[in-house]
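Note that the numbering runs from 1 along the sequence shown for the chain.
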Amino acid sequence: MKAILDLIARHKAGEPCGLYSVCSAHPLVIEATFRHAKRSGAPFALIEATSNQVNQEGGYTGMRPEDFRDFVHRIAARAGLPGDRILLGGDHLGPNAWQALPAEAAMARADVLIEDYARAGFRKVHLDCSMSCADDPAPLSDEIIAARAARLCAVAERAYARTGGEPPVYVIGTEVPVPGGAAEDLGALAVTTPEAARATVDLHRTIFAEAGLADAWPRVIAAVVQPGVEFDHHKVVGYLPGKAQALSRMIECYDGMVFEAHSTDYQTPAALAALVRDHFAILKVGPGVTFALREALWALDAIEREWIKPNSVSRFRRVAIARMKAEPRHWVKYYHARGADLDYELQYRLRDRIRYYWPDPEIVRAQDMMFRNLTQNPPPPALISQHLPIGHAAVRDGLISGSPEELAMAHVWAVLDGYHAAASPAGEE
């Protein structure tokens, strides 16, 4: 992970640079990320998987860490991005997927999780043991969280020592509220206090040293905190630099460390740039890019319904909504409306629960049919402009051919443009 360590060193030396990671398992989002990195000249593209998305039991994607690695590299080959410009990370790695089990059983599974991620070549590891298991107190003490993180770090270090290659870099801590955006409507959003952030870093450093992990500590590159950015189902809380000023200054005292900001989805490009400037130099995005993809896919569905004969259309959008209703497990805890109101929630909530359904075989078949229809019978530019003006501009400027896949990816690129601009010093492209 020399590329990340070098970039953090540049930031600590005063350059307003950072990095961003894309947390998604959708092949179009990943391909869009790789094509964007290739086009923009970014030194690398960082793709992350979460512990509930990819794990030794398959996660909700059905992929284990080595499966996800191979999946990502196949997409990179198609996109023409060299393998040495692809970095893989694991997000919220710990007992998260097994919280219903007693702590020791959950941690035993977390040990396997870390081992499998390490052996598969994931080199950026977020150690997150902040969640209570079945027999734990709630909330957990800082000491228990740090001790469990050290346990998993030791597993990772042993695994990397056996597999070889570059040593991993680590991220500690977790944001509040939960990963992926707030589960309920947001009220007042509290920024992490400098005292709390300092206590987290110092306690982890002490416990790592006690666990014989002093050599690993210089590769702890970031702590996850809450800088005052979040989104729930309906709204976004934008970054206000004044509220995070004291927290921002706090990390300046630690060599080699920055903050990692989660839930930066839907922030403005100016807010993203301000976050990087204020040492929240690692930006995470997930639902924001899959939300953009869904917008593009719905637009392609609208184009298809206008352009393709009625007896030949895929009814892609209708199929996707029907499959969500038939298999409600990924949204039933979050959405409680009925009828037309439920249809709205299933499609347009910012937390984007539909992202769990894209691998569904019926949805995949409908998407393939829609893409095939629009490839065999290309819509006219005016119709593309009506529904996908971003894609139309990319076709007009010669950036894409106008295939359905590329039109969808162009919409994702528009989101990634803000992250790339924020992470790159002025004038560096």
- Is there side-chain contact between Gln226 and Val191, with at least one heavy-atom pair below 4.5 Å? no

- Might you work through the side chain to side chain donor-acceptor pair (under 3.5 Å) test for His387 and Glu306, ending with a clear yes or no? CA-CA 11 Å; His387 294 283; Glu306 287 198 57; 2.7 Å; yes

- Test side-chain contact (heavy atoms from CB on, under 4.5 Å) applied to Arg123 and Leu88, step by step: CA-CA 6 Å; Arg123 290 296 191 266; Leu88 293 175; over 6 Å; no

- Task: Check the pair Glu260 / Lys124 against salt bridge (charged side-chain N to carboxylate O under 4.0 Å, His left out), numbers first and verdict last.
- Result: CA-CA 12 Å; Glu260 180 168 284; Lys124 178 178 178 289; 2.8 Å; yes

- Would Tyr335 and His233 count as a close aromatic pair, with their ring centres under 6.0 Å? yes

- Pairs touching residues 311-327 that satisfy side-chain hydrogen bond (donor to acceptor under 3.5 Å, both in side chains), sequence neighbours left out: Glu304-Ser314, Arg317-Gln347, Arg317-Tyr348, Arg323-Asp360, Lys325-Asp343, Glu327-Arg329

- Message: Before you tell me yes or no, could you show the steps for Ile30 and Val72 under side-chain contact (heavy atoms from CB on, under 4.5 Å), namely the whole-Å CA-CA distance, both residues' side-chain angles and the distance that decides it to 0.1 Å?
- Response: CA-CA 7 Å; Ile30 296 173; Val72 166; 4.2 Å; yes

- Where do Glu66 and Arg119 land on the salt bridge (charged side-chain N to carboxylate O under 4.0 Å, His left out) test, with the steps shown first? CA-CA 8 Å; Glu66 61 268 31; Arg119 290 173 57 193; over 6 Å; no

- Sequence neighbours excluded, which residues qualify as side chain to side chain donor-acceptor pair (under 3.5 Å) partners of Asp136? Arg148

- Query: Do Tyr170 and Trp217 have ring centres separated by under 6.0 Å?
  - Reply: no

- Task: Could you pull out all residues at least two apart from Lys2 that satisfy side chain to side chain donor-acceptor pair (under 3.5 Å)?
- Result: Asp6

- Side-chain donor/acceptor of Arg353 to backbone N/O of His330, under 3.5 Å: yes

- Item | Residues, nucleotides or ligands: over 12 heavy atoms within 6.0 Å of Asp215 CG | no

- Could you tell me whether the side chain of Cys17 reaches within less than 4.5 Å of the side chain of Ser424, counting heavy atoms only? no

- Message: Under 6.0 Å from the ring centre and within 45 degrees of the ring axis: does the NZ or CZ of Arg351 meet both conditions for the six-membered ring of Trp331?
- Response: no

- Task: Report the C-alpha separation of Thr33 and Tyr419 in whole Å, then their side-chain angles, then the decisive distance to 0.1 Å, and conclude whether the side-chain contact (heavy atoms from CB on, under 4.5 Å) test is met.
- Result: CA-CA 11 Å; Thr33 302; Tyr419 283 88; over 6 Å; no

- State, yes or no, whether a side-chain contact exists between Ile8 and Leu19 at a heavy-atom distance under 4.5 Å. yes

- Query: Relative to each other, are the rings of Tyr266 and Phe291 parallel, tilted or perpendicular (30° and 60° limits)?
  - Reply: perpendicular

- Query: Does Arg10 come within less than 4.0 Å of Glu15, counting only side-chain N to carboxylate O?
  - Reply: yes

- Query: Is there side-chain contact between Asn96 and Asp128, with at least one heavy-atom pair below 4.5 Å?
  - Reply: no

- Query: Step by step, would you call Leu346 with Ile354 a side-chain contact (heavy atoms from CB on, under 4.5 Å)?
  - Reply: CA-CA 7 Å; Leu346 292 175; Ile354 200 171; over 6 Å; no

- Item | Close side-chain approach of Val224 and Ile282, heavy atoms under 4.5 Å | no

- Task: Give the minimum heavy-atom separation between Ile86 and Ala76, together with the two atoms involved.
- Result: CD1-CB, 3.0 Å

- Query: How far apart are the closest heavy atoms of Gly228 and Leu189, and which atoms are they?
  - Reply: C-CD2, 3.6 Å

- Message: I'd like to know if Arg74 and Asp70 make a salt bridge, using a cut-off of under 4.0 Å between side-chain N and carboxylate O.
- Response: no

- Task: Grab the two heavy atoms, one from Leu374 and one from Pro379, that are nearest each other, plus how far apart they are.
- Result: O-CD, 3.8 Å

- Note on the structure: CG (Leu28) and CZ (Arg35) are apart, to the nearest 0.5 Å, by 9.5 Å

- Message: With rounding to the nearest 0.5 angstrom, report the CD1 to CG distance, Ile303 to Asn373.
- Response: 12.5 Å

- Side chain of His420, backbone of Ala37: donor and acceptor closer than 3.5 Å? no

- Message: Does either side chain, that of Gln53 or that of Thr61, offer a donor lying less than 3.5 Å from an acceptor on the other one?
- Response: no

- The reported gap from CZ in Arg372 to CD1 in Ile308 (rounded to nearest 0.5 angstrom) is 11.5 Å

- Message: Contact between Leu407 and Val395 at the side-chain level, heavy atoms closer than 4.5 Å - yes or no?
- Response: yes

- Which pair of heavy atoms, one from Ala118 and one from Ala159, lies closest together, and at what distance? CB-CB, 3.5 Å

- Item | Donor-acceptor contact below 3.5 Å, side chain Lys12 vs main chain Tyr254 | yes

- When you check the side-chain N and O atoms of His92 and Asn52, is any donor under 3.5 Å from an acceptor? no

- Nearest heavy-atom pair of Ile400 and Gly391: which atoms, and what distance? CD1-O, 3.8 Å

- Query: Taking all non-hydrogen atoms of both residues, which atom of Gln267 and which atom of Val229 are closest, and how far apart?
  - Reply: NE2-CB, 3.6 Å

- Quick one: side chain to side chain donor-acceptor pair (under 3.5 Å) partners of Asp341, sequence neighbours excluded? none

- Test Phe316 against Trp298 for ring pair (Phe, Tyr, Trp, His ring centres under 6.0 Å), laying out the working first. CA-CA 8 Å; Phe316 168 73; Trp298 267 208; 5.8 Å; yes

- Arg64 atom CZ: more than 12 heavy-atom contacts under 6.0 Å: no

- Name the orientation class of the two ring planes belonging to Phe259 and Phe280 (parallel below 30°, tilted from 30 to 60°, perpendicular beyond 60°). parallel

- Message: I need the Leu247 CG to Thr192 OG1 distance, nearest 0.5 Å.
- Response: 6.0 Å

- Note on the structure: Here the gap from Leu297 atom CG to Leu388 atom CG, rounded to the nearest 0.5 Å, amounts to 9.5 Å

- Residues in side chain to side chain donor-acceptor pair (under 3.5 Å) with Glu57, at least two apart? Trp98

- Task: Give, for atom SG of Cys153 and atom CD1 of Ile172, the distance between the pair rounded to the nearest 0.5 Å.
- Result: 10.0 Å

- Message: Assess the residue pair Arg109 and Glu104 against the criterion (salt bridge (charged side-chain N to carboxylate O under 4.0 Å, His left out)); give the C-alpha distance rounded to whole Å, side-chain angles, the decisive distance to 0.1 Å, and a yes or no.
- Response: CA-CA 9 Å; Arg109 283 168 171 79; Glu104 185 50 42; over 6 Å; no

- Query: So do Leu113 and Leu93 actually touch side chain to side chain, heavy atoms under 4.5 Å?
  - Reply: yes

- Query: Taking only residues at least two apart or on different chains, which pairs with a member in residues 273-292 satisfy side-chain hydrogen bond (donor to acceptor under 3.5 Å, both in side chains)?
  - Reply: His11-His279, Asp91-Lys284, Tyr239-Asp278, Glu252-His279, Thr290-Asp352

- Qualifying residue, where the test is side-chain hydrogen bond (donor to acceptor under 3.5 Å, both in side chains) with Glu115 and the options are Arg158, Gln56, Arg162: Arg162

